[in-house]
Amino acid sequence: MRPTLTIALTLGFAATAALAHVGVKDPQVMARMHGMKTMGADLKTLGQMARGITAFDEAKARAALQSLKAETDQIPALFGPEASDPKSEALPAIWTDPAGFQARKEDMAAALQATRISSPEDIAASMRTIGAACSACHEVYRIKQ
Ligand code: HEC
């Protein structure tokens, strides 16, 4: 492999999510990246409340949870068509093992369904389950960071 290409790939994988979007041409890939980015932002909102970094705000917590649920519902539509882009971190297993991918999406939905947000303690108790559901899918269907 040419050194310049190696460097470009290394930088690509290390880039932040925002940088990772630069130059993505495929609209389907861009849409699913945005959906995932929203999930990341929503989880951060909940995590910061759970840890007392930001003040507990039940309306904000509910909005973040609703958004996570809505984005999870979008996963089949966003990832259904096999679309690729050099910047994408999606692995081919999404399309060679659609049942497994769908199962990870269902687990995610179940974790969110079980999440209670009436106190920071409630949220904290759910964070591990939610995070595990995100990781369970990323471990198999997303290029390792
Ligand atoms: C059913 C599988 C699945 C679940 C569940 C899932 N993800 Fe992802 N996620 C992916 C895949 C696949 C990608 C890579 C998409 C691409 O680059 O084309 C990704 C990418 C991301 C990215 C990078 C997006 C970007 O900017 O390019 C973030 C952030 C992310 N996920 C956060 C989360 C969070 C937080 C959760 C849980 C609340 C979650 N994901 C749950 C499959 C999943």
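Just follow the structure's listing: the first ligand is 1, and inside any ligand the first atom is 1.
Using modelled atom types, no side-chain atom of Arg32 and backbone atom of Gln74 make a donor-acceptor pair closer than 3.5 Å.
No option in Val24, Val29, Ile143 other than Val29 meets the side-chain contact (heavy atoms from CB on, under 4.5 Å) test with Ser88. Between Gln48 and the choices Leu43, Thr54, Ile123, the side-chain contact (heavy atoms from CB on, under 4.5 Å) rule is met once, by Thr54.
Taking distance alone, with nitrogen or oxygen atoms compared against 3.5 Å, Arg32 approaches ligand 1 more closely than that limit. Taking distance alone, with nitrogen or oxygen atoms compared against 3.5 Å, Tyr141 stays at or beyond that limit from ligand 1.
In summary, the atoms of ligand 1 found under 4.0 Å from a heavy atom of Phe101, numbered by their order in the structure, are 1 (C), 2 (C). For ligand 1 and Leu43, the ligand atoms under 4.0 Å from any heavy atom of the residue are 35 (C). When each atom of ligand 1 is checked for a heavy atom of Cys137 under 4.0 Å away, the hits are 1 (C), 2 (C), 3 (C), 4 (C), 5 (C), 42 (C), 43 (C). Under a 4.0 Å criterion applied to the non-hydrogen atoms of Leu68, ligand 1 contributes the atoms 38 (C). Close approach to Ile94 involves these atoms of ligand 1, each under 4.0 Å from a residue heavy atom: 12 (C). Of all atoms in ligand 1, numbered sequentially from 1 with element shown, those under 4.0 Å from a heavy atom of Phe79 are 11 (C), 12 (C), 15 (C). Each of the following atoms of ligand 1 lies closer than 4.0 Å to a heavy atom of Gly40: 35 (C).
Evaluation of the ring-ring contact (aromatic ring centres under 6.0 Å, His included) rule for His138 yields no partner, not counting sequence neighbours. Residues satisfying the ring-ring contact (aromatic ring centres under 6.0 Å, His included) criterion with Phe56, sequence neighbours excluded, are absent altogether.
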Does Phe79 form a side-chain contact (heavy atoms from CB on, under 4.5 Å) with Gln102? I'd like the steps, not just the answer. CA-CA 10 Å; Phe79 286 91; Gln102 177 69 19; over 6 Å; no

Test log, rule side-chain contact (heavy atoms from CB on, under 4.5 Å), inputs Val140 and Phe101: CA-CA 9 Å; Val140 185; Phe101 188 72; over 6 Å; no

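If you check each of Glu139, Lys44, Met36 against atom 43 (C) of ligand 1, the one with the closest non-hydrogen atom is Met36.
If you look at Asp42 next to ligand 1, there are no close heavy atoms at all, none under 4.0 Å. For His34, no heavy-atom contact with ligand 1 is shorter than 4.0 Å. If you look at Met108 next to ligand 1, the close heavy atoms, those under 4.0 Å, all belong to the side chain. Heavy atoms of Glu89 found under 4.0 angstrom from ligand 1 belong to the backbone as well as the side chain. Neither the backbone nor the side chain of Asp85 has a heavy atom within less than 4.0 Å of ligand 1.
Annotation for Thr72 and Lys105: closest pair O-CE, 3.3 Å, computed over non-hydrogen atoms. The two residues Asp26 and Asp85 come nearest to each other via the heavy atoms N-OD2, 3.4 Å.
In Lys69, the NZ atom is crowded: over 12 heavy atoms of neighbouring residues, nucleotides or ligands sit closer than 6.0 Å.
Coordination check, His138 versus atom 8 (Fe) of ligand 1: passed, since an N/O/S atom of the residue sits under 2.8 Å.
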